[in-house]
Enquirer: 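Provided herewith is a single structure, encoded as structure tokens, for subsequent inquiry.
All figures in this text were calculated on a predicted structure; none of them were measured in a lab. Below, read A as the first sequence line, B as the second, and so on, with proteins coming before strands; counting in each chain starts at 1.
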Amino acid sequence: MKAEAAQLSIYNSLTGTKETFIPLNEGFVGFYVCGPTVYSNVHLGNCRTFISFDLVYRYLNHLGYKVRYVRNITDVGHLVDDADQGEDKIAKKARLEQLEPMEIVQQYTIDFHDVMNQFNAIAPDIEPTATGHIIEQIELIKAILDNGFAYESNGSIYFDVEKYNESHPYGELSGRKIEDLLTNTRELDGQNEKRAPLDFALWKNASDEHLMKWPSPWGIGFPGWHLECSAMSTKYLGKQFDIHGGGMDLKFPHHECEIAQGTAGCGIAPVRHWMHTNMLTLNGKKMSKSTGNSLLPAELFSGENDLLEKAYDPMVVRFFMMQAHYRSTLDFTSEALNASEKGYAKLIEAMDSLMSLTSSDSSSADVEGLVAKFYEAMNDDFNAPILVSHLFDAVKFINSTKDGKATISAADLSLLQTEMKVFVRDILGLAKSSESGESRLDPVMDLILDLRQEARANKDWSTSDKIRDGLAGAGIVVKDSKEGTSWN
RNA sequence: GGUUCCGUGGCCGAGCGGCUAGGCAGUGGUCUGCAAAACCAUCUACAGCGGUUCGAAUCCGCUCGGAACCUCCA
């Protein structure tokens, strides 16, 4: 474990305060994140949440924790319509496209993984699916029934919220009171199976034409949406675990229901630290597939969309997200993205410069102090934007040293090289995505730049500029400096 | 309607009572054959109105504007 691990504080949505992070079992962290429902392509807003938690995972790992990271794939149980009404999202898509539900699941799971790879997000240690844990879900329902917090109705099982509320506060995570919820709940049709409008389904009775269904002690049916996370987190992380993450839009009712299910079924509150990421907005509004206010990663990477004029590198987008705190909304505009693109290029170039910097007898800046600030920023509830600002302080120092206007000692150089790599590559996850297989291009460029250098030596500016402009047209930027000419 | 949150300079975003983050853009320099980059300097802020305080972007109240959740959504 790193000494800095003792200083980590995390904002807990449950208490509304930053708390020093002390894991349940020393040295180990149980970490659960609500994953996507795979009935369509993930959009950029979804990605932001997963990238935010990727940062959390990476930092916990860096601190030396042995993290078990579980992120589910929801492949059944999500209903299209009002609460516990309507059709399963995946089944609907399957019906529309005349495919097996599992074909839909497979297609969009692959897409999800592909996108997360492009964003350089580390895969979770376990990625369980709801359909793979039907038995565990049934067992959990039995426990909740045995403890008297659920009832059967027409082959469906509902969670008895009012009963639960008698002994445990329902709504503590989202700051709701059950009386307010009752007054503000709309009257919905077809809720006659439920005793009370706040009750939610643990198991739903399935009709004959239903595509996805399983046998249970209560007949043929399928699990309710909220249940899978409870069943799977309990199975892989235990009745109580350290961190549960998800988007803010899942706070109510999903996470509230998880708390109730876990407490009712296992007798203990399931989660110690709740973390919620804020929304990525577009035109000032939350990105959302249902309203069409969204952007797909593929559209962004290819530039084929109506919002932006050009394509963007996944790493630029990731960097853009790292410049905002995960608990703040982040507005997505082409202007903001362009700014990030330039800033990112500056950072990466400085990283390259750092690796070939020469040291002096002493440092003209407090490198150790700067590195300490990197940790301070991350320890303060994963404050990536503050970290980035300190990284740019380092960038300025690196460039000044390169220009001969500042100095760095050998020890400090080694420290800065190590820590910059750690924070930029390992923690922020900003891999150099352009280091693709351009090995065949290298000798060609060497030759071209050689010819250009000859022209420059002869003061044949028209030839040298012709080469530079021509390469620029091909997307290759040539830069002359004292050390020679570079390109990218 | 209920609950919660937000409103920072041209743009994006930090900030959690005093020490005026950072990136991008702008302006003026240095450097350079030119360009780019880099470096130095510099200009635009805390929605409005009150209050608390020696001191407020930061705390309190009101007004205006926006968002999220209350129904599927990361």
Enquirer: Are the side chain of A/E256 and the backbone N or O of A/L173 linked by a donor-acceptor pair below 3.5 Å?
Expert: yes
Enquirer: Can you find a side chain N or O atom of A/S328 that sits less than 4.0 Å from OP1 or OP2 on B/A14?
Expert: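 Indeed, a polar side-chain atom of A/S328 lies that close.
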Enquirer: When you compare B/U71 with B/G15, how far apart are their P atoms, in angstrom units rounded to a whole number?
Expert: 32 Å
Enquirer: Please determine if a side-chain N or O atom of A/K251 lies less than 4.0 Å away from the OP1 or OP2 oxygen of B/U3.
Expert: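 So the side-chain polar atoms of A/K251 never come under 4.0 Å of the phosphate oxygens OP1 or OP2 of B/U3.
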Enquirer: For the side chain of A/K479, counting heavy atoms from C-beta on, which of B/A14, B/A74, B/A36 is nearest?
Expert: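 Comparing B/A14, B/A74, B/A36 against the side chain of A/K479, the answer is B/A36.
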Enquirer: Can you measure A/I348 atom CD1 to B/A37 atom P for me and round it to whole angstrom units?
Expert: 17 Å
Enquirer: A/G245 near the nucleic acid: base, sugar-phosphate alone, or nothing, with a heavy-atom cut-off under 4.0 Å?
Expert: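 Nothing, no nucleic acid heavy atom in range.
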Enquirer: Using the six-membered ring wherever Trp is involved, compare the ring planes of A/Y57 and A/F31 and label them parallel, tilted or perpendicular (cut-offs 30° and 60°).
Expert: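 Geometry flag for A/F31 against A/Y57: parallel rings.
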Enquirer: Could you tell me whether the side-chain ring of A/F50 sits stacked on the base of B/A74, using a centroid cut-off under 5.5 Å and a plane angle under 30°?
Expert: no
Enquirer: Tell me which nucleotide among B/G22, B/C72, B/C34 gets nearest to the side chain of A/D465.
Expert: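 Out of B/G22, B/C72, B/C34, the nucleotide with an atom closest to A/D465's side chain is B/C34.
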Enquirer: What is the ring orientation for A/F319 with A/Y344, classed by angle as parallel under 30°, tilted 30 to 60°, or perpendicular over 60°?
Expert: tilted
Enquirer: How many Å lie between CG on A/L347 and C1' on B/G22, as a whole number?
Expert: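 After rounding, the gap between these two atoms is 12 Å.
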Enquirer: So, A/N205 side chain and A/S156 main chain: donor-acceptor pair closer than 3.5 Å or not?
Expert: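 No.
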Enquirer: Using purine N1 to pyrimidine N3 plus N6-O4 or O6-N4 for Watson-Crick, or N1-O2 and O6-N3 for G-U wobble, each under 3.5 Å, what pairs with B/A41?
Expert: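 WC or wobble partner is B/U27.
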Enquirer: Looking at the side chain of A/P385, which of B/G22, B/A14, B/C12 is the nearest nucleotide?
Expert: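 Nearest to the side-chain atoms of A/P385, counting from C-beta on, is B/A14.
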Enquirer: Heavy atoms only, 4.0 Å cut-off, all strands: where does A/V477 land among base, sugar-phosphate and nothing?
Expert: nothing
Enquirer: Categorize A/G35 for me: base, sugar-phosphate, or nothing, with a 4.0 angstrom heavy-atom threshold over every strand shown.
Expert: sugar-phosphate
Enquirer: Would you classify A/K402 as touching base, sugar-phosphate or nothing, given that sugar-phosphate means primed atoms plus P, OP1 and OP2, and contacts are heavy atoms under 4.0 Å?
Expert: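 Since no nucleic acid heavy atom lies under 4.0 Å of A/K402, the category is nothing.
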Enquirer: From CG of A/L250 over to C1' of B/U71, roughly how many Å is that when rounded to an integer?
Expert: 14 Å
Enquirer: Take the angle between the ring planes of A/F241 and A/Y32 and call it parallel below 30°, perpendicular above 60°, tilted in between.
Expert: tilted
Enquirer: From the list B/G22, B/A21, B/C70, which nucleotide is the closest neighbour of the side chain of A/R176?
Expert: B/C70
Enquirer: Under a 3.5 Å cut-off for both distances, is B/G65 Watson-Crick or wobble paired, and to whom?
Expert: B/C6
Enquirer: Please determine whether any donor N or O and acceptor N or O are separated by less than 3.5 Å between the side chain of A/R327 and the base of B/C6.
Expert: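 Answer no: no donor N or O sits under 3.5 Å from an acceptor.
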Enquirer: NA contact type, A/A336, heavy-atom cut-off 4.0 Å: base, sugar-phosphate, or nothing?
Expert: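 The residue A/A336 makes sugar-phosphate contact but no base contact.
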Enquirer: Looking for any heavy atom pair under 4.0 Å, which part of the strands does A/G45 touch: base, sugar-phosphate only, or nothing?
Expert: base
Enquirer: Does A/N338 make a side-chain N or O approach to OP1 or OP2 of B/C12 shorter than 4.0 Å?
Expert: no
Enquirer: Which nucleotide in the set B/G22, B/G33, B/G2 lies at the smallest distance from any side-chain heavy atom of A/Q323?
Expert: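 Nearest nucleotide to the side chain: B/G22.
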Enquirer: Starting at CZ of A/R452 and ending at P of B/U32, how long is that distance when rounded to a whole Å?
Expert: 16 Å
Enquirer: May I ask you to decide if A/H133's main-chain N or O and A/Q137's side chain share a donor-acceptor pair within less than 3.5 Å?
Expert: yes
Enquirer: What integer number of Å spans the P atoms of B/G22 and B/G28?
Expert: 22 Å
Enquirer: Can you confirm whether A/V395 sits close enough to A/M351 that some side-chain heavy atom of one is under 4.5 Å from a side-chain heavy atom of the other?
Expert: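 Answer no - side chains too far apart.
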Enquirer: Quote, to the nearest angstrom, the P distance that separates B/A21 from B/A14.
Expert: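 Looking at atom P only, B/A21 and B/A14 are 15 Å apart.
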Enquirer: Determine: side-chain N/O of A/K396 to OP1/OP2 of B/A38, distance under 4.0 Å, yes or no.
Expert: no
Enquirer: Using whole Å, report how far CG of A/N278 lies from P of B/C6.
Expert: 10 Å
Enquirer: Quick one: look up who B/G33 pairs with, Watson-Crick or G-U, both distances under 3.5 Å, and put none if it's unpaired.
Expert: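 Base partner found: none.
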Enquirer: Is any side-chain N or O of A/K286 closer than 4.0 Å to OP1 or OP2 of B/C69?
Expert: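 The answer is yes; a side-chain N or O of A/K286 sits under 4.0 Å from OP1 or OP2.
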Enquirer: Taking B/G9 as the reference, what is the distance to B/A57 when you measure between their C1' atoms (whole Å, please)?
Expert: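 Here B/A57 and B/G9 have their C1' atoms 12 Å from each other.
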Enquirer: Say we look at B/C19 and B/U58: how far apart would their C1' atoms be, to the nearest angstrom?
Expert: 14 Å
Enquirer: Counting the atoms with a prime plus P, OP1 and OP2 as sugar-phosphate, which does A/D480 contact under 4.0 Å by heavy atoms, base, sugar-phosphate, or nothing?
Expert: base
Enquirer: To the nearest angstrom, how far is A/L280 atom CG from B/A67 atom C1'?
Expert: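 In whole Å, B/A67 C1' and A/L280 CG are 14 Å from each other.
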Enquirer: Taking atom P in both B/U8 and B/G65, compute the distance separating them and give it to the nearest angstrom.
Expert: 16 Å
Enquirer: Measuring to OP1 and OP2 of B/A38, would you say a side-chain N or O of A/N399 lies under 4.0 angstrom away?
Expert: no
Enquirer: Aromatic ring centroids of A/F332 and A/F320 under 6.0 Å?
Expert: yes
Enquirer: Taking atom types as they are modelled, would you say the side chain of A/R48 forms a donor-acceptor pair with the base of B/A74 within the 3.5 Å cutoff?
Expert: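 Side chain to base: no pair below 3.5 Å.
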Enquirer: Quick one: which of B/A14, B/A37, B/C70 gets closest to the side chain of A/E349?
Expert: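 Selected nucleotide (nearest to the side chain): B/A37.
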Enquirer: Could you identify the nucleotide paired to B/U52, looking across every strand shown and requiring Watson-Crick or G-U wobble geometry with both distances under 3.5 Å?
Expert: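 Per the H-bond distance test, none.
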Enquirer: Out of the candidates A/F119, A/F112, A/Y326, only one should pair with A/F50 under the ring pair (Phe, Tyr, Trp, His ring centres under 6.0 Å) rule; please name it.
Expert: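 Result for ring pair (Phe, Tyr, Trp, His ring centres under 6.0 Å) with A/F50: A/F112.
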Enquirer: A/L330 side chain: which of B/C72, B/C12, B/G2 is closest?
Expert: B/C12
Enquirer: Look through every strand shown and name the nucleotide pairing with B/G1 as Watson-Crick or G-U wobble, where both distances are under 3.5 Å.
Expert: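 Its partner is B/C70 (Watson-Crick or G-U wobble, both distances under 3.5 Å).
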Enquirer: When the nearest nucleotide of RNA chain B is assigned to A/S464 and to A/C34 on a heavy-atom basis, which residue is associated with the more 5' position?
Expert: A/S464
Enquirer: For the side chain of A/T333, starting at C-beta, report the closest nucleotide among B/A74, B/G33, B/C12.
Expert: B/C12
Enquirer: Contact class for A/K346 (heavy atom, under 4.0 Å): base, sugar-phosphate, or nothing?
Expert: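 Here A/K346 touches the backbone only, sparing every base.
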Enquirer: For A/A324 and for A/S174, locate the closest nucleotide of RNA chain B by heavy-atom distance; then report the residue assigned to the nucleotide nearer the 5' terminus.
Expert: A/S174
Enquirer: For A/Y170 and A/F252, take the angle between the two ring planes, folded into 0 to 90°, and tell me which bin it lands in: parallel under 30, tilted 30 to 60, perpendicular over 60.
Expert: perpendicular
Enquirer: Could you check whether A/S400 gets within reach of a base, just the sugar-phosphate, or nothing at all, counting any heavy atom under 4.0 Å?
Expert: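 Sugar-phosphate only.
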Enquirer: Classify the side chain of A/D331 and the base of B/G13 as holding, or not holding, a donor-acceptor pair under 3.5 Å.
Expert: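 Per atom types, no contact qualifies.
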Enquirer: Give me the distance, rounded to whole Å, that separates B/A56 from B/C16 when you measure between the C1' atoms they each carry.
Expert: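 It comes out at 12 Å once rounded to the nearest Å.
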Enquirer: Take atom P in B/U20 and the same atom in B/C54, then report the distance between them in whole Å.
Expert: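 The answer is 23 Å between these two P atoms.
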Enquirer: Roughly, in whole Å, what's the span from OH in A/Y344 to C1' in B/C12?
Expert: 18 Å
Enquirer: Does B/U20 have a Watson-Crick or wobble partner in any strand here, with both distances under 3.5 angstrom, and which is it?
Expert: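 B/U20 is paired with nothing.
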Enquirer: I need the NE2-C1' distance between A/H43 and B/C72, as an integer number of Å.
Expert: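 For the pair A/H43 NE2 and B/C72 C1', the rounded distance is 13 Å.
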